[in-house]
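Keep in mind that what you see is a predicted model, and the values were worked out from it rather than measured.
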Amino acid sequence: MLGGTQNTLVAVVLALVAIVARTIGLPVTVPTDPLVYVSLGDSYVSGPLVFPHDDTFVLQACGQSSRNFAHLAAEMVKADVFKDVSCGGATINKFEEGQDVVQGVVPPQFDAVDASTDVVTLGIGGNDVGFVGVALDCVRLNPTDAPCTPTYFDQNGVDTVSRDIADMGDELGVALDKLHVRAPNAKILVVSYPDALPDNGVGCYPYLPSLNEDMPYLVAKFKEMNAELKTTAAAHNATYVDIYTGGIGHDACKPPGIAWINGAVLVPPSFPAHPNDLSFLNSAPVVAQAITAALH
């Protein structure tokens with residue numbers, strides 16, 4: 001390896017060569033560092049059942065698709081080094097803790113990030129809020145059953161889902177601050193959740209078996225979760241990437257070929273209530289554009 005004096009001398013010589021080359025009109029090739037991109041997140045990032053999956057043993061356990069938005073965006077921005085450590089079931093604390101999966105334990109996601117990282121995208125928070133659990137709790141096979149909405153207000157009238165969303169934002173803020181320390185040179189982008197439910201709050205029972213009376217509440221909480229991600233990103237020196245707006249009209253109430261989030265019909269394949277291939281194909285350019293803007 002070169003010593004400090006030798007490094008300085010090389011830098012000076014390269015600078016002089018560039019000046020001379022410009023003076024006499026020769027083309028100049030400026031050495032650039034490799035672009036290192038790391039993707040963090042949960043199953044809405046990893047893409048379970050969106051084939052083909054990553055063929056490594058551990059990442060199969062995380063349900064990580066080689067066609068999720070991060071993989072596609074990495075190709076679009078021509079990342080030299082790409083690490084996708086997103087994993088189904090991840091919560092914010094899994095950034096710093098190992099995650100139990102069928103095959104064993106997945107390392108903390110933050111282990112993939114260091115001072116060489118140039119850009120990080122992350123999609124997280126839904127499992128911390130328990131949003132999939134809320135949606136499943138609101139499934140009603142009998143249309144005469146009681147709606148679920150009242151069960152999410154405690155005896156004092158406090159909306160417990162809103163409380164969990166606020167707590168998630170606090171925890172994410174702490175994680176973003178730690179991420180800046182681990183990757184001081186990286187641009188950090190917080191990616192929203194896509195439009196999973198009808199944006200106008202109008203249900204499609206029984207195609208999506210949540211009562212029409214409950215749909216406005218579920219949609220409002222989903223939007224509130226994204227709003228918390230946006231606010232938290234702004235407060236902690238991160239860029240918010242909105243993939244929700246572009247997906248309006250492609251929610252789980254829509255038929256196959258139009259839906260980007262699968263509901264009762266898993267076509268094209270994905271985990272139930274999760275993004276399918278169409279979602280990733282359409283969100284990847286949005287993420288890639290945000291990465292390019294952040295780096296320039």
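- The CG atom of Asn226 lies 8.5 Å from the OH atom of Tyr193; values are rounded to the nearest 0.5 Å.
- When all heavy atoms of Val113 and Arg182 are compared, the pair lying nearest together is O-NH1, 4.2 Å.
- Following chains of ILVMFWY side-chain contacts shorter than 4.5 Å, one cannot reach Ile258 starting from Trp260, and the two form parts of different hydrophobic clusters.
- Contact of the Ser46 side chain with the Phe271 side chain is not registered, since no non-hydrogen atoms from C-beta on lie closer than 4.5 Å.
- The closest side-chain heavy-atom distance from Ile124 to Met168 is not below 4.5 Å.
- The list of disulfide (SG to SG under 2.5 Å) pairs with a residue in residues 201-274, not counting sequence neighbours, reads Cys204-Cys253.
- Judged by distance alone, the side chains of His71 and Asn68 do bring a donor and an acceptor atom under 3.5 Å apart.
- The heavy-atom pair separating Gly89 from Asn127 by the smallest distance is C-ND2, 3.3 Å.
- Under the side-chain contact (heavy atoms from CB on, under 4.5 Å) rule, Leu229 has a single partner from Val191, Asp242, Leu172, which is Leu172.
- If you check the side chains of Glu224 and Ser162, you find a donor sitting under 3.5 Å from an acceptor.
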(request) Run the numbers on Val287 and Ile291 for side chain to side chain contact (heavy atoms under 4.5 Å, CB included), then give the verdict. (result) CA-CA 6 Å; Val287 175; Ile291 291 172; 4.0 Å; yes
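- Of the listed residues (Phe131, Tyr217, Tyr44), just one forms a ring pair (Phe, Tyr, Trp, His ring centres under 6.0 Å) with Phe222, and that residue is Phe131.
- Contact annotation: the side chain of Thr91 never approaches that of Asp42 to less than 4.5 Å [non-hydrogen atoms, C-beta and beyond].
- In terms of modelled atom types and a separation under 3.5 Å, the side chain of Lys83 and the main chain of Ala112 share a donor-acceptor contact.
- Nearest heavy atoms, Gly98 versus Pro108: N-CG, 3.8 Å.
- With hydrogens and angles ignored, the 3.5 Å screen pairs a side-chain donor or acceptor of Ser66 with a backbone N or O of Pro52.
- At a threshold of 4.5 Å between non-hydrogen side-chain atoms, the residues Ile261 and Asp251 do not count as touching.
- Paired with Asp118 under the rule side-chain contact (heavy atoms from CB on, under 4.5 Å), one option of Asp33, Val38, Leu35, Val81 passes, and it is Leu35.
- The main-chain N or O of Asp84 is found under 3.5 Å from a side-chain atom of Gln64 such that the two form a donor-acceptor pair.
- Rounded to the nearest 0.5 angstrom, Leu218 CG and Leu197 CG are separated by 6.0 Å.
- His250 places no side-chain N or O within 3.5 Å of a backbone atom of Pro194 that could act as its donor or acceptor partner.
- A distance-only check finds a donor-acceptor pair linking the side chain of Arg140 to the backbone of Ala146 [under 3.5 Å].
- Val241 and Tyr37 fall within the same hydrophobic cluster, defined by Ile, Leu, Val, Met, Phe, Trp and Tyr side-chain heavy atoms under 4.5 Å apart, directly or through other members.
- More than 12 heavy atoms of other residues, nucleotides or ligands sit less than 6.0 Å from atom NZ of Lys254.
- Atoms CG and OG1, from Leu189 and Thr121 in turn, are 7.0 Å apart once rounded to the nearest 0.5 Å.
- When every heavy atom of Ala252 is checked against every heavy atom of Tyr207, the shortest pair comes out as O-CE2, 3.5 Å.
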(message) The test is side chain to side chain contact (heavy atoms under 4.5 Å, CB included); show your working for Val129 and Val161 and say whether it passes.
(response) CA-CA 7 Å; Val129 174; Val161 177; 4.2 Å; yes
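- In terms of modelled atom types and a separation under 3.5 Å, the side chain of Tyr205 and the main chain of Leu141 share a donor-acceptor contact.
- Side chain of Asp195 to main chain of Tyr244: no donor-acceptor pair is present (N/O by atom type, distance under 3.5 Å, no hydrogens or angles).
- Rounded to the nearest 0.5 Å, atoms CD (Glu96) and NZ (Lys178) are 4.0 Å apart.
- The backbone N or O of Pro272 lies less than 3.5 Å from no partner atom in the side chain of Asn262, so there is not a single donor-acceptor pair.
- The pair Lys221-Asp159 counts as a salt bridge, with a side-chain nitrogen and a carboxylate oxygen less than 4.0 angstrom apart.
- Distance check: Ile92 CD1 to Glu171 CD gives 4.5 Å after rounding to the nearest 0.5 Å.
- No side-chain heavy atom of Asp137 sits under 4.5 Å from any side-chain heavy atom of Thr151.
- When atom types are taken as modelled, the side chain of Asn282 and the backbone of Gly247 share no donor-acceptor pair closer than 3.5 angstrom.
- The minimum heavy-atom distance linking Ser43 with Pro48 is given by the pair O-CD, 3.2 Å.
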(request) Give the intermediate values and the outcome of side chain to side chain contact (heavy atoms under 4.5 Å, CB included) for residues Asp277 and Arg67. (result) CA-CA 7 Å; Asp277 189 60; Arg67 290 179 57 81; 2.9 Å; yes
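- If you chain together hydrophobic residues whose side chains sit under 4.5 Å apart, Val286 and Leu278 never meet in one group.
- Under a hydrophobic clustering in which Ile, Leu, Val, Met, Phe, Trp and Tyr are joined whenever their side-chain heavy atoms come within less than 4.5 Å, directly or via other members, Met225 and Leu40 fall into the same cluster.
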(request) For Val77 and Val119, run side chain to side chain contact (heavy atoms under 4.5 Å, CB included): C-alpha distance rounded to whole Å, both residues' side-chain angles, the deciding distance at 0.1 Å, then the answer. (result) CA-CA 11 Å; Val77 300; Val119 62; over 6 Å; no
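- In this structure, Arg163 contributes its side chain and Val158 its backbone to no donor-acceptor pair below 3.5 Å.
- In this structure, Phe110 is a member of the same hydrophobic cluster as Val85, with clusters built from ILVMFWY side-chain heavy atoms closer than 4.5 Å.
- In plain terms, the two heavy atoms of Thr117 and Val120 that are nearest each other are CG2-CG2, 3.6 Å.
- The side-chain heavy atoms of Leu49 and Phe51, taken from C-beta on, include a pair separated by under 4.5 Å.
- Annotation: the span from Leu179 atom CG to Leu122 atom CG amounts to 7.0 Å, rounded to 0.5 Å.
- Counting heavy atoms from C-beta on, the side chains of Phe69 and Val45 come closer than 4.5 Å.
- Using a 4.5 Å heavy-atom threshold, the side chains of Met215 and Ser210 count as touching.
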